[in-house]
Amino acid sequence: MNKKIRSLVLFFLLVLSGSSYAFSMESYCADDLAFEATVSDENVYVTNGNNYMVFVPKNSDLKNETPVYENGIVFYPGGLVEFISYAPLMHKLAEQGTVCILLKVHKDLAILNLRAAKYLKPVQNSYDVKHWYLAGHSLGGTGASIYYHHHMDWYEGIIFLGSYSSADFSKTDKRFLLVRESNDKILRMNQYDKALKKLPANRTEVVIDGGNHGGFGCYGHQNGDGNYELATELTQIEKTVEIIQDFFHN
């Protein structure tokens with residue numbers, strides 16, 4: 001890793017996660033709930049590639065016809081978080097009809113893999129999806145915004161989970177959803193508030209009461225984060241799915 005890239009990585013980690021998290025450089029591992037969500041069931045097909053995992057809704061009403069899906073998501077995982085941690089979120093979105101491609105990024109750092117989505121374009125094209133969105137958690141969302149800035153014609157917009165944009169989209173007519181949590185102690189709100197100016201006025205912003213930064217995935221408590229006060233480990237994920245579905249339909 002050259003000095004310029006190393007400095008960029010450390011900058012983003014420091015901004016989003018605090019110095020102790022940045023310099024540990026150890027990834028958070030997915031828990032049992034995450035691995036359970038990587039298995040196909042009666043509602044969702046799960047397939048694996050070298051650098052991705054795809055969650056596809058099953059449709060028992062279709063036999064020989066190629067299914068058409070309204071929405072699809074390409075998801076960048078959070079910094080230093082095992083990508084499988086987001087399988088429950090992807091699985092539950094697929095249950096609601098959304099095709100989801102979960103990226104596996106090098107060293108669990110999306111900032112080192114900004115163009116990861118580009119190489120999965122053939123995978124996207126294998127599904128008949130009307131509207132594709134980029135999405136990402138924490139550092140993954142910031143990395144996705146950098147990539148999106150150069151490929152805006154490929155996607156309808158971005159979904160930020162406990163994250164914000166690094167690029168300026170204030171003069172675009174694209175769609176942007178920001179979901180954050182009332183107990184998030186990782187997200188730097190001063191940077192978040194500044195970044196809001198980089199998005200158009202018609203952006204959608206939702207706060208989950210009682211959620212925390214790590215609650216979008218299943219990887220345990222993140223150092224420095226606030227308390228998780230929701231009913232179960234999956235509650236924040238379920239609320240996030242509802243918010244995303246509402247965003248799609250509005």
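All values below were derived from every heavy atom in this structure, side-chain atoms included, with hydrogens, water molecules and symmetry-related copies excluded. Because the structure is predicted, anything quoted here is derived from the model rather than measured. Residue numbers start at 1 and run along the sequence shown.
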Give a yes or no on whether [X] atom [atom1] has more than 12 heavy-atom contacts from other residues, nucleotides or ligands under 6.0 Å away.
X    : atom1 : answer
K174 : NZ    : yes
D209 : CG    : no
N125 : CG    : yes
K107 : NZ    : no

Legend entry - Spacing of L178 atom CG and L187 atom CG [to the nearest 0.5 Å]: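 One gets 9.5 Å once the value is rounded to the nearest 0.5 Å.
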Legend entry - Spacing of CG belonging to D184 relative to OG belonging to S138, to within rounding of 0.5 Å: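 So the gap between those two atoms works out to 8.0 Å.
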Could you pull out the closest heavy-atom pair between [X] and [Y], with the gap in Å?
X    : Y    : answer
N183 : N212 : O-CB, 3.8 Å
I158 : Y148 : CD1-CD2, 3.3 Å
V105 : A110 : CG2-N, 3.8 Å
A116 : Y76  : N-OH, 3.9 Å
Q191 : Y164 : CB-OH, 3.4 Å
R175 : N250 : NH2-O, 2.8 Å

Any donor-acceptor pair under 3.5 Å linking the side chain of [X] with the backbone of [Y]?
X    : Y    : answer
S40  : V46  : yes
S170 : K198 : no
D31  : A34  : yes
D225 : G214 : yes
S85  : E82  : yes
Y52  : A117 : no
S166 : T142 : no

Inset, instruction - Write out all pairs satisfying ring pair (Phe, Tyr, Trp, His ring centres under 6.0 Å) with one or both partners inside residues 222-248, taking only residues at least two apart or from two chains. - result: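 Passing the test, one end in residues 222-248: Y133-F247, Y133-F248.
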Inset, instruction - Could you list the residues that satisfy salt bridge (charged side-chain N to carboxylate O under 4.0 Å, His left out) with K92, not counting sequence neighbours? - result: E238
Inset, instruction - Give the cluster check for V179 versus V207: same hydrophobic cluster or not, with ILVMFWY residues linked at side-chain heavy-atom distances below 4.5 Å. - result: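 The answer is no; the residues belong to distinct hydrophobic clusters.
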Counting C-beta onward and ignoring hydrogens, is there a side-chain heavy-atom pair between [X] and [Y] closer than 4.5 Å?
X    : Y    : answer
L234 : C218 : yes
Q245 : L93  : yes
L89  : L161 : yes
N50  : K104 : no
D193 : L196 : yes
M90  : M53  : no
I208 : I243 : yes

Could you tell me which residues satisfy ring pair (Phe, Tyr, Trp, His ring centres under 6.0 Å) with [X], sequence neighbours excluded, listed by chain and number?
X    : answer
Y192 : none
H149 : F169
F216 : H137
F75  : Y86

Inset, instruction - Show the numbers, then the answer: is there a ring pair (Phe, Tyr, Trp, His ring centres under 6.0 Å) between Y155 and H151? - result: CA-CA 7 Å; Y155 299 91; H151 299 89; 8.0 Å; no
Inset, instruction - Compute whether any side-chain donor of one residue and acceptor of the other, for T232 and T235, lie under 3.5 angstrom apart. - result: yes
